[in-house]
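Quick one: the structure is below, and I'll ask about it shortly.
Chain identifiers are assigned alphabetically (A, B, ...) following the order of the sequence lines, protein sequences preceding nucleic acid strands; residue numbering begins at 1 within each chain.
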2 protein chains.
Amino acid sequence: MLYEKTSTSPVNIAVIKYWGKRDTELILPTNSSISVTLSQDQLQSKTTIRASPKFTKTRLWLNNVEELNLSNNARLQNCLRATKKLRKEYEDQLSDEIGRDNVIPLSTYNLHICSENNFPTAAGLASSASGFACLVYTLSQLYELPISTTELSKIARQGSGSACRSLFGGFVNWQMGTKQDGSDSQALQIASSDHWPELEALICVVSDAKKSTSSTEGMQNTVKTSPLLQYRINNVVPERMKFMTDAILRKDFNKFAELTMKDSNQFHACCLDTFPPIFYLNDISRAIIRVITEYNNSTGKPGEYKAAYTFDAGPNAVIYALKQNIPDIINLISKYFPPSQNNLNYFSDPYNLFSNESEKIGKLPLPNNFNEDFIHIFPNDSIKQILHTRVGKGPRLKSGSNDSLLNSDGFPKNLKS
Amino acid sequence: MLYEKTSTSPVNIAVIKYWGKRDTELILPTNSSISVTLSQDQLQSKTTIRASPKFTKTRLWLNNVEELNLSNNARLQNCLRATKKLRKEYEDQLSDEIGRDNVIPLSTYNLHICSENNFPTAAGLASSASGFACLVYTLSQLYELPISTTELSKIARQGSGSACRSLFGGFVNWQMGTKQDGSDSQALQIASSDHWPELEALICVVSDAKKSTSSTEGMQNTVKTSPLLQYRINNVVPERMKFMTDAILRKDFNKFAELTMKDSNQFHACCLDTFPPIFYLNDISRAIIRVITEYNNSTGKPGEYKAAYTFDAGPNAVIYALKQNIPDIINLISKYFPPSQNNLNYFSDPYNLFSNESEKIGKLPLPNNFNEDFIHIFPNDSIKQILHTRVGKGPRLKSGSNDSLLNSDGFPKNLKS
């Protein structure tokens, strides 16, 4: 009998941003946040976990390279410890019911864990959220834990804060909670992935010369040194959480867009108010903001938006828009941030928007009333790739015979040496 | 008899930033600010004003090009109206004392005003402060107004807010005031130009592709849309005003530097929190911040600083430092932001720091413990010019026979057609 499960988990992109922990061990945030889960068709983590009494120790391969010194990885250990503890409780309970001899003592077995992302780490897209969500979800399946997804989110949160949001599809609220032990800091679904099918997303992968400050390190410097963050936490976010939830439930794109852009801007403002300051936006990010701002201005109606940008701890832009405006936006982005001739990954058009006329990308006419006075064309490959994606579902169990990432001996099928 | 005066006025660079008006007509700010007046040896405005009954209208030449439609220039008219009114009162008072026939009715004469900057407008250095200070100071001299500099600052403020600070040398406090009529919104000197002779400044003139949002327009958008600005105004600036005044009086460079950098960062954070966001810092500005941060880190002592950056409404950096550290900083800046071979204006070394070894600029060894891991060398002329300057004096009356900018007919000597 093989004790193994494989599952996949999605990436999520916050529209009300998480930045700052009030407890760095338990990963308890200084404010609540809201995210949109993106389709796994474009971006996903996949994890296979096998438990066996034959394994001499627990081992982990990330993108087919073994991670060493797992005992020093406190966040991983948090997730393993918490799920094993629940498994042990479950085993004890089962033992009472059906007798200990009939219960598989998985909680005592070592694990082989193999995890991959279907997107390049080099893209700078946050993979820790989907990765830890996938780890914890796969463990819960392997251990057959009798708990809700919201309960599970409290464990994923201890791996990577925003991982708790990747356990749900659709639109997700991570309630900061107020308890010291973190028992009320958890994710809840606001609406499922089919609630607002018109909402889509474009991810613009931006070139950047140098690695920026890690978010783990950066956010605590902001907590320590930014007076503005304290105001944001106490006076701005609580109201925005309410308005954003409402905008999502009402499918009010104008309000959704306004709040998304304002909250991205304010998060980066707090990074700048950090001492020394943290910069995640570069000149290309700024220019994307300008293009989207002018695109919104082209409606001529203040408060009416056709697109919303948001940026996490890096220069990549995520642009949310309604389906009907996506071709316009791809056209604008590819006009001002064109690919080089060799760049075959620039835009793969997964939903066939430009079928039979893909040569026209970046060459369609500008939207009416689009003011390009302060916009110039950037050097080729300033944006390396545009990913078109949608709102997606939460983690999925994979039961196909070829889905496992481990071979019969329990080692990665695609091990890199 | 020729009724004419010529004077010069300095530039000032704020260390506690002014951003936002509570009254846009009277130019009353939403917070107090503190600036350092820079030496006129490097940067100054010069203005000649002649009053004559023969002039058929009041005319103004800016850098030897006539400004047309003066009546539409509300800020200029504010300054002319206010000084003329004081002149009229003075004439009336004199008339009572010595008889109206013995008083020159200058308040009734039209004016020819000629104003020049000794620095290129293209450099993007704020010239409105020095220009309006010079206008108002020269008028006060021409009209022989019996008022204090602080009284005069209330008139200069109505031309350009920060102009009120350029009426004093040294270190200047612009008190925001609380009265609706602006009668208590005025500049006061904290310390004179010889108070802290070790303090010097470097201005890095940064290349920028596109013109940014004007500060007049930008700041009101921030007032309208940034929640963080309101917090800054009410809760951050009042305390910083006290600490900065104290740091200047005690000549405490560490505290001066920390507050200067934090306040520049927070001003730009509020620009980013504006909707749509305003960006003045570009990738070169960010890299300058990184170089200065690493230079400060090289001391190995947290809270000990060797340099402080500050940025106004544009990408140019002003770096304050004590005299002994200036050569290090010029060396660092010119290493990472080198000039092209043709760029003869890059650094003129007015104080002979690199005498006989100017070839070594940018090639001196790095300071001890300087970490250049995340710093790379920018393309030539990313910084076009480094100006080395000092704390300087306020406006000066020029009485030399060649100082006038007007010829005997009252027209600019160097008129551009």
Are a donor atom and an acceptor atom from the side chains of A:W19 and A:T222 found within less than 3.5 Å of each other?
-> yes
Which one, B:P227, B:S226, B:C271, B:C270, leads in non-hydrogen pairs under 4.5 Å with chain A?
->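 The residue among B:P227, B:S226, B:C271, B:C270 with the greatest pair count is B:P227.
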When A:I284, A:V236, A:T225, A:D283 are compared by non-hydrogen pairs under 4.5 Å with chain B, the top option =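 Top count of heavy-atom pairs under 4.5 Å with chain B: A:D283.
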Kindly say whether B:G20 contributes a backbone atom to a donor-acceptor pair with the side chain of B:T30 at under 3.5 angstrom?
->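 Side chain of B:T30 to backbone of B:G20: a pair is present.
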Contacting moiety of A:I292, where chain B heavy atoms sit under 4.5 Å = neither
A:D273, A:N297, A:N265: which one forms the most heavy-atom pairs within less than 4.5 Å of chain B?
->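 Heavy-atom pairs under 4.5 Å are most numerous for A:N265.
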Heavy-atom distance under 4.5 Å to chain B: side chain of A:L228, backbone, both or neither?
-> both
Return the option, out of B:K262, B:Q266, B:H268, with the maximum number of heavy-atom pairs under 4.5 Å with chain A.
->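 Highest number of heavy-atom pairs under 4.5 Å: B:Q266.
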Quick one: CD1 on A:I326 to CD1 on A:I319, what's the gap to the nearest 0.5 Å?
-> 8.5 Å
Under 3.5 Å: donor-acceptor pair, side chain of A:N296, backbone of A:K306 | yes
Contact class of A:S264 relative to chain B, heavy atoms under 4.5 angstrom | neither
Which atoms of A:P276 come close to chain B, meaning under 4.5 Å heavy atom to heavy atom: side chain ones, backbone ones, both, or neither?
->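 Just its side chain gets close to chain B.
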Using 30° and 60° as the class limits, which term best fits the ring planes of A:Y309 and A:F311: parallel, tilted or perpendicular?
-> tilted
Between A:L202 and A:I329, is any pair of side-chain heavy atoms under 4.5 Å apart?
-> yes
